[in-house]
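Below you'll find the structure, written out as structure tokens, and then a few comments.
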Amino acid sequence: MLARVFVAAAALCASSLAQEAAAPAAEEPAAAGAAPEQPIQCPVMGGGFDDRYAVAQLLIMQRNLPQAEVCLLEAMQSTFGALSLLSDLSAAMSMANRAAAFSQILSQLNPNDGETIFLHAQRLSQAGRWDESKPLLTRLREANEANPAIANSLGAAHYNTFDYEAAKLEFAHALSLAPNNTDFAANLDKATKVAAGEETHDGTPKEGAADAAAPAEGASMRIVLPVLAVASAFVVPQRRLGARSTRRESPASSGTGPCSALGARIDRMRRHSSAFEGETERGDLEPVPKAAAKEARTLLNATWHYAWARRGEVTTRARRVARDCRDVAAEVTDYAAASAYLSRAHVAAWAQAGTCLAMVLVVAASLASSSAVARPLGVGSFGAARALAARGVAGLYGVGFLMALRQNRALVGSRGLSPATATLDRVATRQSTWRRRVEAAPTLLWFCYQGKELDAPKKRVSLDAGLDVVAASGLACAAPLFLFGAGGGPGWLALAGCYACYLSLATVGAPFYSYGWESQLLETTALCLLPQSPQWLGVLAFRWLCFKIMLGAGLIKLRARGRATDGWFDLSAMSTFFETQPLPGPLSRRLHFLPKAAHRFATASNHVIELFAPALLPLGLALSCVGGAVGGLGRAATAGYGLVHILFQGALVASGNLSFLNYLTMVPALMCFDDAFLGSVGPAAAAPFLQRTLIDNPLAVALGALLLWLNRPTYENLAAPARRGDLDGRRPARQAMNSTFDRVVDVRPAYRALGLSDDAPRPVNLRAFRLANAFGAFGSVNDRKNALVVEGKRDGEDWREYDFRALPADPTAKLRQVSPWHWRLDWQLWISACRGRDATTERWFLTLLHKLATNDEATSSLLNENPFAAGDPPSQVRVSQYTYKFAPLDDPDGRVWTREQSGVLLKPTDAASLKVALDK
């Protein structure tokens, strides 16, 4: 209860602070003679949570409260775990003379100030971004040659970018300025030894590393080493030189801990492997299958010893997961009980929803039992589900690439509303190497990128052609897979091609490709690419995707309790949802006018399906592991959840147009049905024993560990806000919706631990590849439908409205079913209508108005009707906001909507004025 109260209070506090920061002059009149107020901005351009938080602390010390508030609020928006900043924000708000500080800034922090640059460089270094911090430190070093701290930090940057000679010079300079500093002396000694070849980068003796690097020649170690390398890349502690002078030395560098123990185990395995291979060559043992059996035992023993050595950490994490499950369950049950306690009508709605869920489960159990009797060989096999999932994803890709061919040039082309060249130019300016550019923006369009200095016409031709080629290539991969299906290598390559092409478009397509289902499609594709043998890996991965999608959507609604727009707690959300959703469908109007009791039942059913039904997945898995009759109950529970999941998504498809989101969400639920349930005769032929033992199972274990590591932030996003008590000294976090998290892979410690090489690949951030994401939808429901109406007129004529394809301005226009098709401009206009006046300042929106004012042909192709297409363009355009409501079903005029103008967001303006605004 305390966690929920804190989250609600923090949200209200952040909202009020944002309003106060946006209009500070309204609280206190400016002092006489004060300079005109300027827009308050955070002095950190770019960067992330650490940068803004550090600068905000410095601003609070300088009593520069307006900019401190802005920095802290931006820091909160940059990470879901930054809610603890509210304590610092409260401290700033409670300082004396707050009103005077708002009206007259005591001191301005110069973004070019040396202290700010050094602080920013230190934060980059602590984050491991040495290539970015080194230019800043070099500039500071030239301006402050007598500062030993700057010299030492620059030396650390050189060292961690493998420029040991330059590091020696900087450490020596720092030591000459501060001769008694032992940390500077230790850094200089280490850099000297590494530069001379006496030690490796992490400080281990060169000779020991060379001895350990001798690879075994047998097939045994060629299999074991890659698996252990993948696993140890995520558990071996890392050590950075010069990051903090008070940091304790890591176990890896002191000769104890996991790194040293792992090396000892590998040495023992090498000796056992050599002895085993000698016996095999002399004919004492048969190579197969005894060799494969001993190989499996060797790998199993190594894994067991490694897990046993870390049993304390494993036990601690298991207890924490158990506590998280308890806290989330308590949060859900408390919410349901409090909602039902509001009235008898609410109790009835919750009871009816629970009864319907039980009835669906009974039907699913009956179907599961009869299918097991009719097709016993198909029980526990999921080949048919995997094939259906791949074809379903391919079909959605086909729709997505057709939409791209139809809309991309007008949206993200060189003359589009948000040109892709802007994204590529921005990344190319910030990242100097191609590797870092691809890491920041993974897209195939880099192949046709010619640089900012190229002539504009050539760049336009290259980009527009590249967009069409990428979309056409993706369609060519998706169409055969959807129409004919494909197994093995061809199907895998087709899905990989679809993933690469769609990721290329989504990377450069913001804001028109910034929806949650874009990331969900890419993550689902990545799971389809998992190996089919052993099948448990793909089954568990898809079920986890189902679990986090549904539970995340339910918790985001639960945790909206207390907001002004929250209709989920009192079960009134569906009273307005059908009317205010982005693109209502043909049935939406009839559903809107159902009785209030039906709306309460629909809202309660949504809660039951999203908050309670996902528990059937872990329950079914646990029961299935038991086997026998109990295992049959687990199979029925899992099939019951799959049936509920698909029926729920089908109801959402019928009630509105949510693009291809609901079709896509059905795909992972297919993995709840085995071949017997889906009507398949029996399982596919199993792989040979040797392949399963030496390749399939080790690869599945490694990929499973990778998926667990990728999804750790997603798990924290779901569980952290529900935690009761202070487990880690942190306050409960705020759940993020439709987000992707940083996941940095650094294999250098694993390479050094295994004695492979010092030239390991540098760390790579997998965030831009969208392999594991957090999802959620409709955390709050609007109580009224706002819509933007764009109008134009010629001189001496009346105003005429532009008619969009999925958002027609005409109140008599019939509602249409357009999903899974996605009119991206119409969706973005709905989002802009929710934002109100702020949306009219966005660059893409001003570009849209300018192109409408000039009768741009590509932009007109996105409209249902351009009233000025046949003649001269309009002399002026304006944007009005209307409030739309469904007309009664028996409206005598045949209207679908009634509307009332609520304001003019953008006053009449011409194309020249819009061009000036865009140039600024």
Side-chain angles (χ1 to χ4, degrees), residues 42-55 58 109-179 181 183-196 201-202 238-245 247 425-437 439-440 451-453 744 746 748 758-759 761-765:
C42 178
V44 176
M45 299 304 168
F49 163 79
D50 288 335
D51 308 318
R52 290 183 172 87
Y53 181 47
V55 173
L58 187 57
L109 180 65
N110 183 4
N112 296 321
D113 181 67
E115 186 175 7
T116 305
I117 296 176
F118 182 66
L119 188 61
H120 183 54
Q122 288 291 89
R123 296 294 177 180
L124 290 173
S125 300
Q126 292 176 3
R129 295 156 62 181
W130 300 98
D131 291 334
E132 300 177 38
S133 66
K134 188 159 64 171
L136 299 177
L137 292 169
T138 302
R139 185 163 51 135
L140 286 176
R141 170 74 167 78
E142 295 172 353
N144 301 271
E145 295 188 357
N147 191 320
I150 294 177
N152 182 67
S153 298
L154 180 57
H158 283 306
Y159 185 91
N160 284 284
T161 54
F162 308 101
D163 190 353
Y164 302 121
E165 295 296 335
K168 282 172 49 181
L169 296 177
E170 296 301 332
F171 288 144
H173 182 68
L175 187 61
S176 66
L177 296 174
N181 192 307
D183 292 329
F184 295 170
N187 290 343
L188 176 60
D189 180 65
K190 186 170 186 177
T192 303
K193 291 181 179 180
V194 174
H201 182 86
D202 63 345
Q238 304 178 24
R239 183 168 180 254
R240 294 285 190 188
L241 177 66
R244 287 179 184 237
S245 59
R247 180 182 291 179
D425 289 343
R426 183 171 61 253
V427 174
T429 301
R430 295 178 179 177
Q431 308 294 343
S432 57
T433 64
W434 280 104
R435 174 189 171 277
R436 290 194 174 274
R437 290 179 183 179
E439 179 182 346
K452 299 179 64 175
E453 67 280 357
V744 179
D746 189 357
R748 290 180 296 182
D758 288 336
D759 300 327
R762 294 193 177 184
V764 176
N765 193 342

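Interatomic distance, CG of L154 versus CG of N147, reported as 11.5 Å (0.5 Å rounding). Separating the CZ atom in F184 from the CD atom in E170 is a distance of 11.5 Å, to the nearest 0.5 Å. Considering NE2 of H158 and CG of L169, their distance stands at 8.5 Å, rounded to 0.5 Å.
Minimum interatomic distance between F171 and A191 (heavy atoms only, all atoms of both residues): CD1-CB, 3.8 Å. Across all their heavy atoms, R435 and P763 have their closest contact at NH2-O, 2.7 Å. Of all the heavy atoms in R437 and S432, the pair that sits closest is NH2-O, 4.2 Å. In terms of heavy atoms, K134 sits closest to A157 at CB-CB, 4.1 Å.
A 4.5 Å side-chain heavy-atom check between V194 and Y159 finds at least one atom pair inside the cut-off. Between D189 and K193, the closest side-chain pair of non-hydrogen atoms falls below 4.5 Å.
N152 places no side-chain N or O within donor-acceptor distance of the main-chain N or O of P148, the cut-off being under 3.5 Å. A distance-only check finds a donor-acceptor pair linking the side chain of E439 to the backbone of N765 [under 3.5 Å].
Applying the side-chain contact (heavy atoms from CB on, under 4.5 Å) criterion to A172, with sequence neighbours excluded, gives L188.
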